[in-house]
Amino acid sequence: MALGDAVARPRDDRQKDLLRPALEAIIDLGHPLVRLAREIDWGFLDRRFAGVCAPGAGQPGLPTRLVAGLFILKHMHNLSDEVLCARWVENPYYQFFCGELSFCHRLPFDRSSLTHWRQRLGAEELVALLQESLSVAHKTGALASRDLERVVIDTTVQPKAIAHPTDARLCHRALEKLVDLARRNDVPLRQSYRRLAKRAAIMVGRYTHAHQFKRARRQLKFLRTRLGRVIRDIRRKIAGDEALKERFADLLALAVRVRFQDHRQRGPKVYSLHAPEVECIGKGKARAPYEFGCKVSIATPATQPKGGQFVLHAQALHGNPFDGHTLGPVIAELERLTGVETRRIHVDKGYRGHNHKHKFRVWITGQVRRVTRPIRREMKRRAAVEPVIGHLKAEHRMSRNYLKGRNGDRSNAVLAAAGYNFSLLLRWLERLLRALIAAFSSTPPLVQSR
């Protein structure tokens, strides 16, 4: 990996400060976050994360426990990178969870390190966090092996952090970005059309709102004409300069696509200039007929685990595939992740015509043939995946993905699932602690015999 070759292998050489008290002496060791930190196999995460860095010269990377702990805390508590860094400095439990021995009054890392590590690891290595959350759940009794044999699979949309796409807005943004890039590279333009383009984009919205569509189309045509003039002007000015051609190539290609595309055309379109990988997905919802992002497959147990409905697998699916065509690869990846063969798979009607090799292990909502009483009870549990998806979106940063590119889509889906699982584990450990305290408090005192 190119990013890992320039970084030496991470090492954790943190030591206790003799002039400061140890964190263990100033925090409650019964706190759920402390108990969770002691249950996680940090050595497993260290081996997985350190594998992307090659040994050699250069400054060593951050300790892998610090990086893994930051990712878990970020998605467990739905925090941005900035808020996470601010809370880490003021919260001793966050610092203990990340492996600090003494309380730190300033960040031992730069905020951009989170971005670099996300890009360096990718979803292929970040899935170790999801795998470790399931391992801790199994070790603490929150999840049993039989819960992994019967699963529910469903897909949802992970929206991207983009504005609602309209032809006028996209043309205006393309013109603005081209003019800004030309100014940064000292490419003189005959005319920028900034003021005229802004007014035309505003008028398109006003005329459309007033149902004056003929005037709106006239303003949109005016906007596209000015965008075409800027594109041709830039091409004339950079002709013969290979460095400038390479610098303008991607944005010019996007601008040409935006200029000629129409909202009624079929096939792939550009919905955002800063995230051209975004897809338009229709899920049949009355409140949101179309969502802009990518599909994500979610797998949960069909049973009722003691610790809650854990996410067993999460994967971003690009290209807006048919749900049935994703079932086979998703189940294969799920079995590789958990090490348990799935016996029954419950899906909705969107998976009819699926490609799973074991046809008789898949049960579709509304199916009548071969349905016994135990299977009918399990089929009623298929809808349990819906609140899990709701929690992933509302509380674990899957409702609006801010990470860049398709790699960011894949990483965000895995991190959201891992954060959700660790939040369930926090509640499970807290319940165990309360039950333990209640058991000790209700024990009658021993009567001393004479």
Side-chain angles (χ1 to χ4, degrees), residues 156-185 187-238 248-295 319-320 393 399-402 404-405 409:
T156 185
V157 179
Q158 178 178 244
K160 199 77 167 183
I162 66 169
H164 185 78
T166 62
D167 292 336
R169 178 178 176 80
L170 288 172
C171 287
H172 181 224
R173 289 295 297 156
L175 187 143
E176 281 189 328
K177 283 180 173 291
L178 284 173
V179 171
D180 290 340
L181 187 60
R183 286 186 177 178
R184 288 198 301 270
N185 290 277
V187 176
L189 297 179
R190 185 184 62 174
Q191 190 173 345
S192 68
Y193 300 105
R194 272 181 172 274
R195 181 177 57 84
L196 296 176
K198 182 178 179 180
R199 184 181 181 281
I202 292 173
M203 295 310 296
V204 170
R206 289 183 179 179
Y207 286 143
T208 304
H209 180 71
H211 287 203
Q212 299 177 7
F213 299 112
K214 192 172 183 179
R215 291 179 172 177
R217 285 194 295 269
R218 189 182 301 126
Q219 292 295 324
L220 181 58
K221 182 180 179 182
F222 176 88
L223 194 57
R224 283 176 169 156
T225 302
R226 269 58 192 176
L227 175 60
R229 290 184 182 180
V230 172
I231 291 173
R232 291 190 296 272
D233 194 11
I234 290 176
R235 282 176 171 172
R236 286 193 297 267
K237 299 295 175 56
I238 65 175
F248 278 86
D250 294 338
L251 187 54
L252 279 175
L254 284 176
V256 171
R257 289 180 60 189
V258 164
R259 185 192 171 208
F260 289 105
Q261 74 182 9
D262 185 74
H263 69 279
R264 290 184 295 270
Q265 78 181 40
R266 301 184 66 85
K269 289 183 282 188
V270 177
Y271 298 101
S272 174
L273 291 169
H274 73 272
E277 72 278 359
V278 167
E279 302 152 3
C280 179
I281 302 173
K283 298 289 283 186
K285 301 177 184 177
R287 58 176 178 82
Y290 301 100
E291 294 179 282
F292 301 94
C294 71
K295 271 189 180 182
N320 194 7
K393 290 189 174 184
S399 63
R400 195 169 176 83
N401 178 24
Y402 293 91
K404 185 178 180 181
D409 295 338

| message | I'd like to know whether CZ of F213 has more than 12 heavy-atom contacts from other residues, nucleotides or ligands below 6.0 angstrom. | response | yes
| message | Are more than 12 heavy atoms, taken from residues, nucleotides or ligands other than N320, located less than 6.0 Å from that residue's CG atom? | response | yes
| H164 NE2 to S272 OG distance, which is reported to the nearest 0.5 Å | 12.5 Å
| request: Please confirm whether the backbone N or O of V157 pairs with a side-chain atom of K393, one donor and one acceptor, at under 3.5 Å? | output: yes
| After noting the C-alpha distance and the side-chain angles of Y207 and H209, does the key distance pass the ring pair (Phe, Tyr, Trp, His ring centres under 6.0 Å) rule? | CA-CA 5 Å; Y207 286 143; H209 180 71; over 10 Å; no
| query | Just by modelled atom types, is the L181 backbone N or O under 3.5 Å from a matching donor or acceptor in the N185 side chain? | reply | yes
| task | Report the C-alpha separation of D167 and V258 in whole Å, then their side-chain angles, then the decisive distance to 0.1 Å, and conclude whether the side chain to side chain contact (heavy atoms under 4.5 Å, CB included) test is met. | result | CA-CA 8 Å; D167 292 336; V258 164; over 6 Å; no
| remark: Heavy-atom nearest pair, I162 first then A275, reads CG2-CB, 4.2 Å
| request: Mark yes when over 12 heavy atoms from residues, nucleotides or ligands other than R194 sit less than 6.0 Å from its CZ; otherwise mark no. | output: yes
| Going by heavy atoms in the side chains, are M203 and R199 under 4.5 Å from each other? | yes
| remark: Heavy atoms of V204 and A168 approach each other most closely as CG1-CB, 3.7 Å
| said: Using only atom types and a distance under 3.5 Å, with no angle test, would you say the side chain of E279 pairs donor to acceptor with the backbone of G319? | reply: yes
| field | Interatomic spacing from NZ in K295 to CD in E291 - rounded to 0.5 Å | value | 11.5 Å
| request: Using atom types as modelled and distance alone, determine if a side-chain donor or acceptor of Q265 lies under 3.5 Å from a backbone N or O of D262. | output: yes
| task | Work out which heavy atom in Y290 is nearest to a heavy atom in G282; give both atom names and the distance. | result | CD2-CA, 4.0 Å
| request: Report the relative orientation of the aromatic rings in Y271 and F292; use parallel for angles under 30°, tilted for 30 to 60°, perpendicular for over 60°. | output: tilted
| task | Calculate, to the nearest 0.5 Å, the distance between atoms CZ and SG belonging to F260 and C171 respectively. | result | 10.5 Å
| task | Run the salt-bridge test on D180 and K177 with the 4.0 Å N-O cut-off and return the result as yes or no. | result | no
| query | What pair of heavy atoms forms the shortest contact from F248 to L178, and how long is it? | reply | CE2-O, 4.4 Å
| query | When you look at H172 and K198, which way does the side chain to side chain contact (heavy atoms under 4.5 Å, CB included) test go after all the steps? | reply | CA-CA 7 Å; H172 181 224; K198 182 178 179 180; 3.8 Å; yes
| What's the verdict on salt bridge (Lys or Arg N to Asp or Glu O under 4.0 Å) for K160 and E277, showing C-alpha distance, side-chain angles and the deciding distance? | CA-CA 10 Å; K160 199 77 167 183; E277 72 278 359; 3.2 Å; yes
| message | How close do P276 and L254 get, counting heavy atoms only, and between which atoms? | response | CB-CD2, 3.9 Å
| said: So H263 and T166, do their side chains get closer than 4.5 Å, heavy atoms only? | reply: no
| message | Using every non-hydrogen atom in the two residues, find where A216 and T208 come nearest and quote the distance to one decimal. | response | CB-OG1, 3.6 Å
| query | Quick one: are Q158 and C294 in side-chain contact, heavy atoms under 4.5 Å? | reply | yes
| task | Kindly say whether L189 contributes a backbone atom to a donor-acceptor pair with the side chain of D233 at under 3.5 angstrom? | result | no
| query | Where do L170 and Q261 land on the side chain to side chain contact (heavy atoms under 4.5 Å, CB included) test, with the steps shown first? | reply | CA-CA 10 Å; L170 288 172; Q261 74 182 9; 3.6 Å; yes
| field | Heavy-atom check, side chain of V179 versus side chain of Y193, under 4.5 Å | value | no
| What is the distance from atom CZ of R236 to atom CZ of R190, rounded to the nearest 0.5 Å? | 6.0 Å
| task | Output yes when a side-chain donor or acceptor of R226 lies under 3.5 Å from a complementary backbone atom of A197, and no otherwise. | result | no
| Rounded distance [0.5 Å steps], CG in L175 versus CZ in R229 | 11.5 Å
| query | Taking atom NZ of K237 as the centre, does the number of heavy atoms from other residues, nucleotides or ligands within less than 6.0 Å exceed 12? | reply | yes
